[in-house]
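Along the sequence shown, the residues carry numbers beginning at 1. When reading the values below, keep in mind they use all heavy atoms of this one structure, side chains included, and skip hydrogens, waters and symmetry mates. Please read all numbers here as calculations on a predicted model, not as lab measurements.
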Amino acid sequence: QLQLLIKRLLDQHGTGRVLFRNTRSAIKGFPERVLHHYPLPCPEIYQSLISDDIRHLLHPEDQQPEHDWLEVDPRVEWLKTLVKSLKLKKVLVICHHSDTAKAIDKYLNLRAGIRCTSFYPGLSIIERDRAAAYFAETEAGAQVLVCSEIGSEGRNFQFAQHLVLFDLPLNPDLIEQRIGRLDRIGQNHPIQIHVPYLLQTAQEVIFRWYHEGLNLFERSCSAGFAIYENFLTALHQQLIQPN
């Protein structure tokens with residue numbers, strides 16, 4: 001009876017059967033998602049940060065000179081160690097801001113000796129195509145591509161299996177967009193999602209909410225933003241006072 005009712009209702013509203021048929025649950029071939037998370041100690045330069053601006057709390061490096069935060073933020077050393085442990089496997093790194101992406105790109109290239117390139121707003125189409133081609137090259141190409149939030153839009157990298165979410169955005173839909181760079185039909189391996197976060201900070205709160213509350217990393221959640229809006233006030237309060 002339920003299936004009969006669904007069939008009768010499908011074409012009564014909007015795009016009906018076409019939309020239903022093309023939902024993720026109805027299409028086979030999407031890869032498995034595997035989450036790896038890494039709690040890291042919060043450095044002293046971030047501990048004194050007090051702000052009602054949640055963006056500053058989620059991205060404390062924005063409030064520090066590039067040289068300072070690259071030296072002490074444990075996510076930087078962790079990322080270098082992770083990439084080197086993966087040998088020549090391709091790694092896509094996504095962070096929220098362009099300045100963060102450019103700083104990480106420069107650090108991995110010049111300080112860590114890792115072949116790296118980057119995507120961020122301001123690059124021309126030709127420059128983006130070159131970066132994508134360099135990342136896609138199997139022999140002498142870049143092992144790492146670092147993207148800003150906007151810089152990653154519209155590009156798919158099914159040939160890579162490792163995704164690093166260097167930070168987490170406030171909008172849950174952006175998490176799905178990030179994972180979608182690798183989570184495409186044609187991806188032949190499970191996607192390894194790596195998420196570092198700083199303990200006892202807003203970063204830990206937002207990670208736990210996404211993971212334990214929405215299971216957002218291992219499953220696609222189309223209702224993520226609606227749930228976020230429903231719990232917005234309580235979530236923001238917890239982010240401002242994580243302890």
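- Between the side chain of Gln143 and the main chain of Ile114, no donor-acceptor pair closer than 3.5 Å is present.
- When all heavy atoms are compared, the tightest approach of Arg219 to Glu176 is O-OE1, 4.5 Å.
- Considering only residues two or more places apart in sequence or on other chains, Gln237 meets the side chain to side chain donor-acceptor pair (under 3.5 Å) condition with Gln241.
- The CG atom of Leu79 sits 11.5 Å away from atom NZ of Lys84, with the distance rounded to the nearest 0.5 Å.
- Checked against the 6.0 Å centroid threshold, Phe135 and Phe159 count as a close aromatic pair.
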Under the criterion salt bridge (charged side-chain N to carboxylate O under 4.0 Å, His left out), I'd like the reasoning laid out for Asp173 against Arg178: C-alpha separation, chi angles, the key distance, then a yes or no.
CA-CA 9 Å; Asp173 286 353; Arg178 290 183 179 193; over 6 Å; no
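- Here the closest non-hydrogen pair linking Pro31 and Asp183 is CD-OD1, 2.9 Å.
- Taking the ring centroids of Tyr210 and Phe207, they lie at or beyond the 6.0 Å cut-off.
- The shortest heavy-atom contact between Ile193 and Arg33 is CD1-CB, 4.1 Å.
- Between Glu71 and Arg111 there is a salt bridge, since at least one side-chain N of the basic residue sits less than 4.0 Å from a carboxylate O of the acidic one.
- In this model, a donor atom of one side chain and an acceptor atom of the other lie less than 3.5 Å apart for Tyr46 and Asp73.
- Crowding of Leu88 atom CG: a count of heavy atoms from other residues, nucleotides or ligands under 6.0 Å not exceeding 12.
- The aromatic rings of Tyr197 and His37 lie parallel to each other, with less than 30° between the two planes, well short of the 60° mark.
- Distance alone, capped at 3.5 Å, places no donor-acceptor pair between the Lys102 side chain and the Tyr120 backbone.
- Closest approach of Gln161 to Leu182, counting heavy atoms only: C-CD2, 3.8 Å.
- Glu149 and His97 share no donor-acceptor pair across their side chains, judged by distance under 3.5 Å alone.
- Taking the six-membered ring where tryptophan is involved, the planes of Phe217 and His211 are tilted, since the angle between them lies from 30° to 60°.
- A salt bridge does not link Arg130 with Glu127: every distance from a Lys NZ or Arg NE/NH1/NH2 to an Asp or Glu carboxylate oxygen is 4.0 Å or more.
- Arg115 contributes a side-chain N or O that, together with a main-chain N or O of Gly141, makes up a donor-acceptor pair within less than 3.5 Å.
- Within a 6.0 Å radius of CD in Glu44, other residues, nucleotides and ligands contribute 12 heavy atoms or fewer.
- Contact record, Ile240 with Leu57: CA-CD1, 3.8 Å, taken as the closest heavy-atom pair.
- Considering Ile227, Ile54, Ile206 as possible partners of Leu235, the one that fulfils the side-chain contact (heavy atoms from CB on, under 4.5 Å) test is Ile206.
- Between Cys95 and Asp167, the shortest heavy-atom contact is CA-OD1, 3.4 Å.
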